[in-house]
Structure formats: C-alpha cells, structure tokens
Amino acid sequence: MFYIKMADLTIAIDNRYGHIVDLCKDYIVEETVIPHMTARATEEEIDKEISLTTDRKVSRAYAESICVYRNICKRLPREFGAFLVHSAVIEYEGEAYAFAAASGTGKSTHISLWKKHFGDGVRVINGDKPIMRFKGDKLFAYGTPWCGKERYGENSSAPLKAFCFLERAETNSIRRATSSEAVSRMLSQILTPETLEELDALFPLLDRALSETPCYILGCNISEEAAEVAYRGMNTNK
Amino acid sequence: MKIRNGFVVRTVAGESVVIALKEASKNFNGVIRLNETGRFLWDRLESGCEEGELVAALLQEYDVAEDIAKNDVANFVEKLRGANILE
C-alpha cells in the first residue's frame, strides 16, 4: 500500500506489483490516515484486462496500473465531481488547453508543436489521461501519473481555457464546435459509464463543462503554423 | 414496442443522447444523438407507445402532414431497430 495525491485527492493504492509505484513516483505522499479513497485491482480484473488487450502483450504489473486507474476514475464523478477526459493537456500563460482526438490523430505531435513554437513557456500537464475537476466556479485540468506511453506530464494543474478537438487536414484552420459536435466528440473521450448511478453523476459534470468551456475543432497539419493557428483561434480577444 | 433495458437518454449541453449501459453496451458502440422529434418519439416509446400512437402523438404536437409523420415514425423506428435498441 502506498499513497498518492492527484487532483487534490489523497488516494491509497493497495498494489500487488511494483510497476505502479514507479509510475506514481512524482505523486507519492506520506501515509494518510483517512485518504479520500482506497483503490486496488483484483486478480480477476487484471486477467480480464490482459485478455482484452489483443494488440500487444502486457504484463500483469502493467495491467494492474491500468485497472487501478480505471477503478479510480469510475468513482471520481460520483464521489468527487471529477472526471477523466482522454486528451493531451498543455499549460501556456497560466491556462490549460485540452486537445482530444481519436488515437493516432496526432495529439502528441500537436502539443510538441506548441513547445517548439512557443518555447519553454509551454508545459505538458498530461499527454493522455488528465483529470478534470471543478474547483470553485472553474474547471481545472490536473496532471496524473497516467500520461501515455511517452510519459508526457507533470504533477501540476491549471484552469481549463478550452477543449480542442483535432482533425488531420492539409491546411490549418480552427472554428468553434457546434454543441452537437462537442457532445459527440467529448462522449467518445470519456470512460463510458456502466451504471445509471455513474451516468447520472458524470453527465451533469459534462453538461457543465461543455456549457462553460469553449470547444473548438482544429483542422491541422504537422507544421508549426498549426500551433499558431490553434492559439490565435482560442485567444481571439488577445 | 419497447426500448431494450439498459438504453437511456440524457441531455448534455442541450443535446439529447442515447447511452447504452452494462449488457446493452456490448452490442452498441458509440453515441446516438436525437433531434427534437427523435427525443419526442423516444420519450413516448419509453412509455410503451406503438407505432400508430407515435404517429398520432406527432400529429398532435407538430403541424405536420399525416404521410410525413408516418414516414418519420417509420424511419425512426427502423433506425432504432437497426441499432438493436428495440425489443
């Protein structure tokens, strides 16, 4: 058992393997008497995860880390008003931008273009699986130990400026997403609720997040101009 | 006609979406969005309306010709059947 703090929550992780300890190293805190939650993965869940991962071979230790995070994330909406959005989140000028797209579209490539174009002022909060949580009247994006195979990310957070849905395109352009586009794209990047209770905890959060946070569709190529077009499109007041 | 157990509709950012929970999600991927008429019909299907009743409800609620209403209902029902949403 060890303890981490992420998204302002203290979580006890009742682990079986060492991999998850290494994964969480930047988030480990002292033993806490009353953590916000205790998370674990059962042997059955690990078995199931391995059998469902057909595209590559995964170790039990790796599968455990995936299962533990899923178990944490399932509980976040109902218990803590937080939720996972499969996306790459960067911080620039004190604000966070969440880029979401189907796997393989080029989220990692796009955020690396921001780093290249805007320099060290751009920090990657989480390259793959950040947590979103309302703090006061603002939605914040939080870093987590689970940040994709490249392990882009850090233990930090920032108020979320926008959701930006990426599409590959010949030329770079950005526009506001319609609410139906925003809803359908967002719903494909969340952990699908399995029960009515999970659904009715998550959906009011998504409703609020999508109503209060601007959503954009960025058609982009892999030139640095893509980052410039994205930034300008999401900062029309600057 | 009845909507299969596990399919529920919710409103997010003003959009009506159909979600499949648990067992229902095994044969259903993705999200179905409902427009205003779709939501109207869905709510009536949930209370067990048959096709004829759906047409009647549509005619009562909206200013629409009967053949168009019939056609809309038939298309909607076919879509739901195709997605394995109806029992």
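Since we're looking at a predicted model, the values are computed, not measured. Below, chains carry the letters A, B, ... as their sequence lines are ordered, and counting in each starts from 1.
- When all heavy atoms of A:Leu196 and B:Arg10 are compared, the pair lying nearest together is CD1-NH2, 3.6 Å.
- Closest of all the heavy-atom pairs between B:Lys22 and A:Glu194 is CG-O, 3.0 Å.
- Other residues, nucleotides and ligands place no more than 12 heavy atoms under 6.0 Å from the NZ atom of B:Lys2.
- For A:Asp14, the CG atom sits in a packed shell: over 12 heavy atoms of surrounding residues, nucleotides or ligands are nearer than 6.0 Å.
- By the neighbour-count criterion of 12 heavy atoms within 6.0 Å, atom CG of B:Asp63 is sparsely surrounded, having that number or fewer from other residues, nucleotides or ligands.
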Tell me which donor-acceptor pairs under 3.5 Å the side chains of residues 80-87 of chain B have, and how far apart each pair is, sequence neighbours excluded?
from	atom 1	to	atom 2	distance (Å)
B:Asn84	OD1	B:Arg4	NH2	3.1

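- Using a 4.5 Å cut-off between heavy atoms, A:Leu199 touches chain B through its side chain atoms alone.
- Annotation for A:Pro193 and B:Leu21: closest pair O-CD2, 3.5 Å, computed over non-hydrogen atoms.
- Your options are A:Leu206, A:Thr192, A:Asp200, and the one with the most heavy-atom pairs under 4.5 Å with chain B is A:Asp200.
- Within the 4.5 Å cutoff, the side chain of B:Thr11 has no heavy atoms near those of the A:Phe203 side chain.
- With a 4.5 angstrom heavy-atom cutoff, A:Ser188 does not touch chain B via any of its atoms.
- The distance from atom CG of B:Leu34 to atom OG of A:Ser180, rounded to the nearest 0.5 Å, is 12.0 Å.
- The 12-atom threshold is exceeded at CD of B:Glu50, counting heavy atoms of other residues, nucleotides or ligands nearer than 6.0 Å.
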If you look only at distance, which donor and acceptor atoms sit under 3.5 Å apart when one is on a side chain in residues 209-219 of chain A and the other is two or more places apart or in another chain?
from	atom 1	to	atom 2	distance (Å)
A:Ser211	OG	A:Asp207	O	2.5
A:Glu212	OE1	A:Arg208	NE	3.4
A:Glu212	OE2	A:Arg208	NE	3.2
A:Thr213	OG1	A:Ala209	O	2.7

